[in-house]
Amino acid sequence: MLNVDEQLHLIKRNTAEVIPEDELARKIKRKGSLIIKFGVDPTTPDIHLGHSVILLKLRTLQDLGHKVVLLIGDFTARVGDPTGRVKARKPLTVKQIRENAKTYREQAFKILDPSKTRIDYNSRWLGKMNFSQVLKLTSRYTVARMLERDDFSLRYRENIPIGLHEFLYPLMQAYDSVALRADVEIGGTDQKFNLLLGRYIQKSYRQSPQVIITMPILEGLDGKEKMSKSLGNYIGVTEPPSEMYGKIMSIPDELIFRYFRLLTLLPESEIERLEKSFKEGKLHPKKAKKMLAFELVRFYYSEEEAKYQDERFERVFSKKEVPPELVSYPVNTDKIWVVELLRLTGLARSGSEARRLIQQGGVKWDGERIREIDRIIFLRGEHILQVGKKKFLKVVKR
RNA sequence: GGGGAGGUGCCAGAGUGGCCAAAUGGGGCGGGCUGUAAACCCGUUGGCAUUGCCUACGAUGGUUCGAAUCCAUCCCUCCCCA
């Protein structure tokens, strides 16, 4: 095992904050193996690269011999984390929560080491608390301090409703740290308030307070907003390799090395070397992006798959060839109206949208641009239907 | 409990009786340029349909030749006072 300083160096890399740093060193020296808490909200089951930033850090911690507790917030999910929220969340059913948690677990193990991960559910203790225990917990904190949070104060100022139960969320998840006797809690920078509250509550329950590690929030593919499913600017860890590769190729240049650092486990020295030649103009941005895309597909799939995607990308987008493997769509007639076909295949959501796409020159049939709305298409064998630059479909007569 | 403000398209936000499928901006989508980058430019953005029609401005009724716009009731939110 590495010594404490070496460990700290690896742990601190790419973090936003470690609070307080010296305490982390002391804890490692004293206990050796620490309990790392990571709270998971089972409301959004699909893990994307934004989440992977933290999971990769956890992976590093596991590799250093620490124990990760993946805490599924099945009970807190009934309230919903108000963090960054402009509206109150709608509560989920118990069944949905359970399914989401299962999906989350499966996906998280694409990154985490299952043998060094313990999974727990906070309903185990929160579900048993009675009202007097709740009163004890809530009396530890004040409304004024709760309102210090940006999200709450913003909503308060903007006259947007705040449910009383939303005040309970931070306290509940803080109590989780007490229940787990967490040494360290990790989360995104947007969780800083919650994590700090965990520290505070642990102290008031006479526990040694956890060290908190916050990780930067990853920008999405647009380079502006944070990566999130609802904004559609994300790459899911279960996405097919071609999607993963392609989406990486569409990120803005400014993001390339940030992604390298936060999304891969490549050594810092290697990344610095690449960044240097990029800045000197020796490494073309497209090349750098391809390396990034390659690395991510390699990590989530395999080296072989990554190589394949590398070639495929060149063929399809640089040389404008049709992708080698396409989703087939069987059709039963031998002639069909274009608009109908587009709607049938789902490449257009409605007839009106289909018309629009045609009028704007976004539809190709076997490589030929279709301009007439009333065009009738004749089918024999296999044909390629293309909408926009990225959407292809193999239409098969049968 | 009393008084006041407000609920418009994916979002923000105009519109206070016909010219409103609803200005403008953002986002999305399509095209151009390119490195499937950014920036930029052009177009488009409820649905169905070859004129046109249907559904839409919190909900339900009503006034009117005609309502997002007026009236009534209800639901929801916020502010001030208690």
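Each chain gets a letter, A, B and so on, in the order the sequences are listed, and its residues count up from 1.
Atom NZ of A:Lys364 is separated from atom P of B:rG30 by 13 Å (rounded to the nearest Å). The nearest whole Å value for the distance from the CG atom in A:Leu164 to the P atom in B:rU77 is 14 Å. Residue A:Lys287 contributes atom NZ, which lies 19 Å from atom C1' of B:rU34 at whole-angstrom precision. For the pair A:Asp374 CG and B:rU51 P, the computed distance is 12 Å after rounding to whole Å. Atom CZ of A:Arg371 and atom P of B:rG31 are 10 Å apart (whole Å). If you measure from atom CD1 of A:Ile358 to atom C1' of B:rU50, you get 14 Å, rounded to the nearest angstrom. Look at CG on A:Leu357: it is 7 Å from C1' on B:rC29, rounded to the nearest Å.
Between the CZ atom of A:Arg59 and the CG atom of A:Leu55 there is a distance of 11.0 Å, given to the nearest 0.5 Å. If you take CE on A:Met227 and CG on A:Leu218, they are separated by 5.0 Å, rounding to the nearest 0.5 Å.
Distance noted for atom P between B:rC57 and B:rC11: 14 Å (whole Å). Here the separation of B:rC42 from B:rG26, taken at their P atoms, is 12 Å to the nearest Å. The P atoms of B:rA67 and B:rG62 are separated by 12 Å, rounded to the nearest whole Å. Taking atom P on both nucleotides, B:rA82 is separated from B:rU16 by 37 Å, rounded to a whole Å. Nucleotides B:rU45 and B:rG13 have their P atoms positioned 24 Å apart, rounded to a whole Å. One C1' atom belongs to B:rG6, the other to B:rC19, and the distance between them is 28 Å to the nearest Å. Between B:rU69 and B:rC78, the two P atoms lie 24 Å apart (nearest whole Å). Rounded to whole Å, the separation between the C1' atoms of B:rU36 and B:rA21 comes to 34 Å.
Side-chain atoms of A:Glu340 do not come within 3.5 Å of backbone N or O of A:Ile336 as any donor-acceptor pair. A donor-acceptor pair is defined here as one N or O able to donate and one able to accept, closer than 3.5 Å; no such pair exists between the side chain of A:Glu311 and the backbone of A:Tyr308. With hydrogens and angles disregarded, a donor-acceptor distance shorter than 3.5 Å links the side chain of A:Gln202 to the backbone of A:Ala182.
For the residue pair A:Ser177 and A:Glu185, a side-chain donor N or O sits within less than 3.5 Å of a side-chain acceptor on the partner.
For A:Lys289 and A:Tyr245, the positive end is not near the middle of the six-membered ring at less than 6.0 Å and at most 45° from its axis. Under the 6.0 Å distance and 45° angle rule, A:Arg140 counts as a cation-pi partner of A:Tyr205. A cation-pi arrangement is found for A:Lys247 relative to A:Tyr234, the charged atom lying closer than 6.0 Å to the ring centre and inside a 45° cone about the ring normal.
The nucleotide whose nearest atom lies closest to any side-chain atom of A:Arg343 is, among B:rG35, B:rC29, B:rA49, B:rA49.
Judged by closest nucleotide on RNA chain B, A:Arg369 is the one of A:Ile256 and A:Arg369 placed further toward the 5' end. When each of A:Lys391 and A:Arg355 is assigned the nucleotide of RNA chain B bearing its nearest heavy atom, the one mapping closer to the 5' terminus is A:Lys391.
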Checklist outcome for this item: Writing each nucleotide of RNA chain B 5' to 3' as (, ), [, ], | or . by Watson-Crick or G-U pairing under 3.5 Å yields ((((((((.[[[..)..(.....]]]((((((.......))))))(((...)))...[[[[[..)....]]]]]))))))).
Next on the checklist: Can you build the contact string for nucleotides 36-46 of chain B? Use B for base contact, S for sugar-phosphate-only contact, and - for no protein heavy atom under 4.0 Å.
Outcome noted: BB-S---BSS-
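A salt bridge does not link A:Glu23 with A:Lys27: every distance from a Lys NZ or Arg NE/NH1/NH2 to an Asp or Glu carboxylate oxygen is 4.0 Å or more.
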